[in-house]
Amino acid sequence: MKKNPLFVCITLLSAIQLKAQMPALVEVAQFGKFQPIGLAVSKAGRIFVTFPKREQYEFGLAEIKDGKRVPYPDTVWNKYDTLNTAEHFTNVQALWTDKENKLWVLDPANPSGGPTIPEGVKLLKIDIDSNRVERIYRFEDLRREQTALNDVRIDNERQLAYLSDPKQACIVVLNLKTGKSRLVLKNEPSTKADTTFVLNIDGKDVINQEGKAFSSNVNGLAFYNDYLFFRPINQTKLYRISASYLADSTLSGSQLTQRVEHIDDVGVSHGMIADEKGNIYLSDSPDNAIRYVTRNGTLKVLIEDKRLTWPDSFAIGPDNYLYVTCSQINRTPAYNNGEDRVEYPFRLFKVKLPE
């Protein structure tokens with residue numbers, strides 16, 4: 001059926017007006033060929049970014065000062081040392097700043113996305129004011145060679161950390177007092193990727209040279225109002241579970257599964273974060289966008305911009321801006337028959353939060 005030209009014009013005009021109402025995407029820093037992944041912003045506005053161990057590598061964790069990368073907390077931690085992975089960064093992934101102004105640094109110790117080095121797996125608690133490492137969690141009660149920890153959120157009230165482990169398709173609950181951890185929701189529908197779901201970004205399926213499609217089980221996390229929000233990348237559903245259930249070690253696996261809530265179908269997403277109002281922000285690679293689910297369950301678009309190529313990790317600054325790294329994973333040689341299609345330099349952006 002032929003479309004009415006007037007209807008087409010009105011639709012296009014509405015789309016243009018909607019985009020004009022979106023906030024601007026502001027460039028914060030450039031990183032050359034160093035790929036940014038994890039991100040955190042302190043209460044005072046200090047910016048921290050992680051850089052995974054790849055071919056282009058200088059150090060794993062940096063504070064961004066005047067647009068430049070400065071090794072954090074010092075050069076010693078950032079010295080790559082295969083003989084002493086326990087006391088040096090191996091492949092820093094995720095960051096989080098908690099209510100007590102501590103910086104949490106997750107090192108899954110799987111350089112170049114390869115096998116995990118058990119002795120290198122760690123979660124650091126750093127006092128941002130003094131830049132001092134206060135405690136290191138080693139996960140020695142886990143079979144660390146089987147892990148690939150990805151994201152972390154801190155529950156200060158319960159003194160728990162929640163971590164995603166895509167490799168094992170589970171959530172890790174870490175007791176911050178005892179250092180003991182346990183696996184929950186392993187290989188459940190809410191943590192397991194849909195193996196038939198192939199990402200298509202920039203008009204191209206994200207498939208490596210061996211013909212294997214990119215796939216990730218439970219990945220990004222968000223925490224708000226005593227609820228942990230989570231989801232696999234290769235799915236479209238967003239889930240949550242009450243932290244009171246995660247803290248209850250007497251609940252069986254099936255009892256926990258029954259307490260998982262399906263919030264909405266939100267499309268493809270990598271990183272997530274919650275603001276103080278309860279909005280859950282989700283990256284959207286296929287549409288080069290950032291979306292969010294409001295407290296009443298409405299799915300909205302915050303911004304669309306072609307520069308948002310694989311928006312990865314989020315942080316919220318005291319300036320009421322949402323900060324985001326763009327890792328361009330789909331453009332790396334691994335998913336382009338060896339051709340590097342990354343648009344350099346890698347960048348860090350920010351966008352104003354909704355009123």
Side-chain angles (χ1 to χ4, degrees), residues 35 37 52 93-94 108 110 113-114 146-151 162-172 183-222 228-241 256-257 260-273 280-293 297 299-302 304 306 308-314 324-337 341-342:
Q35 183 187 45
I37 298 289
Q93 171 71 21
N110 51 351
Q146 296 182 0
T147 66
L149 301 174
N150 183 269
D151 205 357
Y162 311 115
L163 304 100
S164 61
D165 187 343
K167 189 173 182 179
Q168 297 192 93
C170 70
I171 301 292
V172 178
L183 310 183
V184 299
L185 301 175
K186 188 172 183 178
N187 289 318
E188 294 292 338
S190 60
T191 57
K192 191 76 173 172
D194 178 352
T195 56
T196 66
F197 194 108
V198 179
L199 299 184
N200 185 285
I201 303 174
D202 292 344
K204 179 180 180 296
D205 288 345
V206 186
I207 298 175
N208 67 16
Q209 295 178 10
E210 289 73 42
K212 184 178 179 181
F214 174 92
S215 183
S216 176
N217 298 312
V218 61
N219 196 285
L221 302 175
L228 182 71
F229 295 79
F230 59 98
R231 52 156 301 156
I233 290 179
N234 294 67
Q235 247 201 54
T236 61
K237 297 177 173 61
L238 174 63
Y239 302 92
R240 76 174 188 177
I241 187 170
L256 270 180
T257 299
V260 172
E261 301 175 46
H262 171 214
I263 301 302
D264 199 358
D265 281 22
V266 295
V268 174
S269 176
H270 312 289
M272 292 196 294
I273 198 170
I280 309 298
Y281 297 90
L282 309 114
S283 63
D284 177 359
S285 286
D287 296 316
N288 303 103
I290 298 171
R291 291 177 289 172
Y292 64 103
V293 179
L299 181 62
K300 295 184 176 183
V301 176
L302 176 64
E304 293 178 349
K306 288 297 183 183
L308 291 171
T309 303
W310 202 293
D312 206 322
S313 296
F314 292 128
V324 58
T325 58
C326 290
S327 58
Q328 300 191 60
I329 289 175
N330 60 297
R331 292 180 175 175
T332 59
Y335 296 102
N336 293 280
N337 293 317
R341 298 181 61 199
V342 172

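Keep in mind that this is a model prediction, so the values were computed, not measured. Note that these values count all heavy atoms, side chains included, but never hydrogens, waters or copies made by symmetry.
For the pair Arg231 (side chain) and Ile233 (backbone), a donor-acceptor distance under 3.5 Å is present. Side chain of Thr236 to main chain of Gly267: no donor-acceptor pair is present (N/O by atom type, distance under 3.5 Å, no hydrogens or angles). Asn217 contributes a side-chain N or O that, together with a main-chain N or O of Pro166, makes up a donor-acceptor pair within less than 3.5 Å. Checking side-chain atoms of Thr325 against main-chain N and O of Ile37 turns up a donor-acceptor pair under 3.5 Å. Side-chain atoms of Lys204 do not come within 3.5 Å of backbone N or O of Asn330 as any donor-acceptor pair. When atom types are taken as modelled, the side chain of Asn150 and the backbone of Gly220 share no donor-acceptor pair closer than 3.5 angstrom. Between the Ser283 side chain and the His270 main chain, a donor and an acceptor come within less than 3.5 Å of each other. With Thr191 contributing its side chain and Leu185 its backbone, the two residues share a donor-acceptor pair below 3.5 Å.
Among residues two or more places apart in sequence or in another chain, the side chain to side chain contact (heavy atoms under 4.5 Å, CB included) test is passed with Arg331 by Asp202, Thr309, Gln328, Arg341, Val342, Glu343. Scored by the ring-ring contact (aromatic ring centres under 6.0 Å, His included) test, Tyr162 finds Phe223 as partners (sequence neighbours excluded). The salt bridge (charged side-chain N to carboxylate O under 4.0 Å, His left out) check on Asp165 picks up nothing, with sequence neighbours excluded. Scored by the side-chain hydrogen bond (donor to acceptor under 3.5 Å, both in side chains) test, Asp287 finds no partners at all (sequence neighbours excluded). Remark: Glu188 pairs with Thr257 by the side-chain hydrogen bond (donor to acceptor under 3.5 Å, both in side chains) rule, at least two apart or across chains. Residues satisfying the side-chain hydrogen bond (donor to acceptor under 3.5 Å, both in side chains) test with Ser215, not counting sequence neighbours, are none. Judged as a salt bridge (charged side-chain N to carboxylate O under 4.0 Å, His left out), and not counting sequence neighbours, Asp312 has no contacts. Here Asn288 pairs with nothing under the side-chain hydrogen bond (donor to acceptor under 3.5 Å, both in side chains) rule; sequence neighbours left out. Listed by chain and number, the residues in a ring-ring contact (aromatic ring centres under 6.0 Å, His included) with Tyr281 are Tyr292 (sequence neighbours excluded).
Within the structure, the salt bridge (charged side-chain N to carboxylate O under 4.0 Å, His left out) test picks out the following pairs touching residues 260-271 (sequence neighbours left out): Arg240-Glu261. Applying the ring pair (Phe, Tyr, Trp, His ring centres under 6.0 Å) test to every pair with at least one member in residues 190-212, sequence neighbours left out, gives no pairs at all.
Side-chain atoms of Gln146 and Gln168, non-hydrogen and from C-beta on, do get closer than 4.5 Å to each other. Residues Leu199 and Asp205 are not in side-chain contact: their nearest non-hydrogen atoms beyond the backbone lie 4.5 Å or more apart. Annotation: side chain of Tyr239 is not in contact with side chain of Val218 (no heavy-atom distance under 4.5 Å). Side-chain contact check for Ser190 versus Phe230: some heavy-atom pair is nearer than 4.5 Å.
The distance from the OG atom of Ser216 to the NZ atom of Lys192 is 10.5 Å, given to the nearest 0.5 Å. Taking SG of Cys170 as the reference point, atom CG of Leu163 lies at 9.5 Å (rounded to 0.5 Å). With rounding to the nearest 0.5 Å, the separation of SG in Cys326 from CD in Gln35 is 11.0 Å. To the nearest 0.5 Å, atoms CG (Asp151) and CE (Met272) are separated by 8.0 Å. Residue Arg291 holds its CZ atom at 7.5 Å from OG of Ser269, rounded to the nearest 0.5 Å. Atom CD1 of residue Ile171 and atom CG of residue Leu221 lie 5.0 Å apart, to the nearest 0.5 angstrom.
Between Asp284 and Pro286, the closest heavy-atom pair is OD1-CD, 3.3 Å.
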For residues 206-213, tabulate all N or O donor-acceptor pairs below 3.5 Å that involve a side-chain atom, not counting sequence neighbours.
from: Asn208; atom 1: OD1; to: Glu210; atom 2: N; distance (Å): 3.0
from: Asn208; atom 1: OD1; to: Gly211; atom 2: N; distance (Å): 3.1
from: Asn208; atom 1: OD1; to: Lys212; atom 2: N; distance (Å): 2.8

- request: Starting from the C-alpha separation in whole Å, work towards a yes-or-no answer on side-chain contact (heavy atoms from CB on, under 4.5 Å) for Leu299 and Val266.
  value: CA-CA 7 Å; Leu299 181 62; Val266 295; 4.2 Å; yes
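A donor-acceptor pair shorter than 3.5 Å cannot be found between the side chains of Asp194 and Asn234.
For an aromatic pair to be called close, the ring centres must be under 6.0 Å apart, and Trp310 with Phe214 satisfies this.
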